[in-house]
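Notes follow the structure.
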Amino acid sequence: MSKSSRSKPKEVGSKQLPIYQHKTKLTQAVKDSTFLVVTGETGSGKTTQLPQYLYEAGFCKDGRIGITQPRRVAAITVAQRVAQEMQCTVGREVGYQVRFDDCTSEDTVVKYMTDGCLLREILADPGLSQYSVVILDEVHERSLNTDILLGLLKKIFSDPAKASKRRHFPVKVVVMSATLETDKLSAFLDNCPVFAIPGRTFPVTCTFGTAVGPKDLESTGYVREVVKVALDIHTSERAGDILVFLTGQSEIERACDLLYEKAETIDYQYDVQDQTVDGILILPLYGSMPTDQQRQIFQPPPPGIRKCVVATNIAATSLTINGIKYIVDSGFVKQLNHNSRVGMDVLEVVPISKSEAQQRAGRAGRTSAGKCFRIYTKEFWEKCMPEYTIPEIQRTSLTAVVLTLKCLGVHDVIRFPYLDCPEERFILEALKQLYQFDAIDRSGKVTQLGELMVEFPLHPGLTRALLKAASLGCQDLLLPVAAMLSVENIFIRPGHPEKQKEADKKHKALAAKTGSMNDFATLLSVFQLCKSSDRPSAWCKDNWIHWRALKSAFSVENQLQEILLRLQQKKDFPVETFSGNKSELFRQCLCTGYFTNVARRSVGKVFCTMDGHGSMVHIHPSSSLFDQETELNWVIFHDVLVTSRVYIRTVCPIRYEWVKDLLPKLHEVDVYELSSVAREEVTDEEMIKWEMKEAAKRQPEVSAEDVMKKLEKRNNETTVSDARARYLQRKQQRQQSKAL
DNA sequence: GAGCACTGC
């Protein structure tokens, strides 16, 4: 680092912000203790100002100030703003680092980054030797990485003797959060002091509705209701834009259609109190929308026109729309929950928490006083909505997290200092899976393979398959597939039936081109075809492929390749030779990573998973295997989707021999009740015979209901069938409302 | 015979 860059601290920061009058006390508070909790609502200026105050107070003489953010955009934009305030270019004294974009230099002393980036840094440098201050921001959001960092920082710096031995200038840890659960945070960090900064937001008055009560937990009636409320606002409230919160793309499109319809039938011009509002501009907003379409949302509406944005939760934290004065809150959100009892992730619609509802309401008070219309009753608020959102660490699969912790020397992952402990069975499940992948041994110690696996930003199963391929010298087959599976879905399926047919046709053709019924091979082929195309974006448009998603798959593939090359230069990188059929090489590599996701044909199109849960699953209609009448009896799959049925997606036929030796591994460490069939070493033929016998005992035709009943019986917790029941109920309601 | 919120490395 150059000395000149920090010898003369400039007078920094904006004096207008509420935080300014606390400047001296705040820097003193940081000096006085190892841990400090700083609270303050949005608009207090803590994210941009605190690092500058600390810089000015000389905290950078001995190292950097690192500030984490849960989101990339936040890290980048905040760094840009702070650089501007400190009158330097981004990448010099002030910089940022996010995945694929490192904008820092030797001069950088104030570094904004994503929480995932800091976690990676700790992996390489467990003492965080280049930092004098580490600031975790937006801790109240409880992102998985921030929660892990919180535990790690507590563990590393809690013991002052240990901390000061590490360097003559001990690291300061500042945790910044909205004014929620601050006592809990302080207690967690050795009862450290709490510093509160008043915010600067405008009051938002909230009203409850009558449409959704405790009995309407599974109702979709709320789409009609939010439309009605939005139009009421439009006809009776003074100027100011509306933001409506719904749960997903299809719901949003339906709401927008209804709004267009209804808006046309009412008078075009209103006299709202003393102001005239001419009309309403209706804009949908969700994550997978094209970026240029998203950009429209931020443009101010034409004079006299009211803007009405109908959005997913993306508008709650990720994107801020100016000029919003009215909120319509449906009270629901779509959330991905991991169910360890059945070993799958279930995406479901659930009521939001009270804190989330407050967050939504707050979106109306950023520039002036606002109003929030909740369509649910006070009773719903009291009885159905939890105080706080369950943190991600308690809802998610922990396999990758546990491996990371183990590689950081945290051997006892159950007694790691979690701010909120995940359920023990979630941790056990993760350990079991890591053992199955040979990432840890029987004693729970990380293997050589595990040390390699932790380097990859991928699901452990994918990493396992990739490393197998690399050891056999065929990584070119797996790198693109791993990249494609770690970005959002690349196949576009539009809402309109006509276009849907067209897209399906194109996708089927792409699958047919590979000559094999293997969805993984289709992904590889799409990747290669697009990459070698002269005009890749046009190619995507023509084939109904998500260009934005594919572009990120290209950069992920690049990154994976770089990591792999670096690891292969180590002398102990495994090398194997392959004796089997060359054409089967690809699928056999996949088996190494997906033997935990093996299913065997049961009856007709119903398959039975072999992971010990024995769940009944169906091939998803988007799979190239869906309408194939073949003899195949064994498949591996990438993921499970619970809707009208339990579907497996991205499927690949395999031979029993390829997984025969791996399957026992699934049951060696028996944490859960295992399916009785899978435990036995049997041949394919024997398996089929057994299955025929079983099938004869049952009804000739296995209905979805039977399958679900079976699943339900198997699991005391009925999350999967609950989810399905809810889905069916919603579908029925939708049909009823259509009929009306 | 199809229903994928949002992040992140």
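Naming convention: chains lettered A, B, ... in sequence-line order (proteins, then strands); numbering from 1 in each chain.
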Using OP1 and OP2 only, check whether a side-chain N or O of [X] sits under 4.0 Å from [N].
| X | N | answer |
| --- | --- | --- |
| A:Arg72 | B:dC9 | yes |
| A:His620 | B:dG3 | yes |
| A:Ser318 | B:dC6 | no |

Can you tell me which nucleotide in [options] comes closest to the side chain of [X]?
| X | options | answer |
| --- | --- | --- |
| A:Asn489 | B:dA2, B:dC4, B:dT7 | B:dC4 |
| A:Leu641 | B:dG3, B:dC9, B:dG1 | B:dG3 |
| A:Arg649 | B:dG1, B:dC4, B:dC9 | B:dC4 |
| A:Thr114 | B:dC4, B:dA5, B:dG8 | B:dG8 |
| A:Lys334 | B:dA5, B:dC9, B:dA2 | B:dA5 |
| A:Arg71 | B:dG3, B:dT7, B:dC9 | B:dT7 |
| A:Gln249 | B:dA5, B:dG1, B:dC9 | B:dA5 |

Taking any heavy-atom pair under 4.0 Å as a contact, classify [X]: base, sugar-phosphate, or nothing.
| X | answer |
| --- | --- |
| A:Phe456 | nothing |
| A:Lys501 | nothing |
| A:Ile314 | sugar-phosphate |
| A:Asp115 | nothing |

Report the residue (A:Leu458 or A:Ser288) whose heavy-atom-nearest nucleotide on DNA chain B is the more 5′ of the two.
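Between the two, 5'-proximity favours A:Ser288.
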
So which one's nearest nucleotide on DNA chain B is more toward 5', A:Thr312 or A:Cys117?
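It is A:Thr312, whose closest nucleotide lies nearer the 5' terminus.
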
Quick one: sort the A:Phe416 and A:Tyr418 rings into parallel, tilted or perpendicular, breaks at 30° and 60°.
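Because their plane-to-plane angle is over 60°, the rings of A:Phe416 and A:Tyr418 count as perpendicular.
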
Taking the six-membered ring for Trp, are A:Tyr222 and A:Phe332 parallel (under 30°), tilted (30 to 60°) or perpendicular (over 60°)?
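Parallel.
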
Just how far, in rounded Å, is [atom2] of [N] from [atom1] of [X]?
| X | N | atom1 | atom2 | result |
| --- | --- | --- | --- | --- |
| A:Leu118 | B:dT7 | CG | P | 21 Å |
| A:Leu485 | B:dC4 | CG | C1' | 15 Å |
| A:Tyr647 | B:dG1 | OH | P | 8 Å |
| A:His459 | B:dG8 | NE2 | P | 15 Å |
| A:Glu253 | B:dC4 | CD | C1' | 13 Å |
| A:Ile619 | B:dA2 | CD1 | P | 15 Å |
| A:Phe100 | B:dC9 | CZ | C1' | 8 Å |
| A:Glu121 | B:dG8 | CD | C1' | 15 Å |

Let's see if you get this right: which residues in residues 554-564 of chain A place a heavy atom under 4.0 Å from DNA chain B?
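None - not one residue of the stretch has a heavy atom sitting under 4.0 Å from the strand.
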
Compute the ring centroids of A:His620 and A:Phe626, then answer whether they are less than 6.0 Å apart.
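Aromatic pair excluded; centres sit 6.0 Å or further apart.
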
What residues form a salt bridge (charged side-chain N to carboxylate O under 4.0 Å, His left out) with [X], not counting sequence neighbours?
| X | value |
| --- | --- |
| A:Lys508 | A:Asp627 |
| A:Glu488 | A:Arg548 |
| A:Asp639 | A:Arg649 |

Please determine, by modelled atom types, if A:Glu251 and A:Thr247 share a side-chain donor-acceptor pair under 3.5 angstrom.
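A pair is found: one side chain offers a donor N or O, the other an acceptor, under 3.5 Å apart.
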
Applying side-chain hydrogen bond (donor to acceptor under 3.5 Å, both in side chains), name anything that partners A:Gln97, two or more places apart in sequence or on another chain.
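Result, side-chain hydrogen bond (donor to acceptor under 3.5 Å, both in side chains) vs A:Gln97: A:Lys111.
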
Identify, with sequence neighbours excluded, every residue that meets side-chain hydrogen bond (donor to acceptor under 3.5 Å, both in side chains) alongside A:Thr104.
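In terms of side-chain hydrogen bond (donor to acceptor under 3.5 Å, both in side chains), with neighbours along the sequence ignored, A:Thr104 is linked to A:Asp102.
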
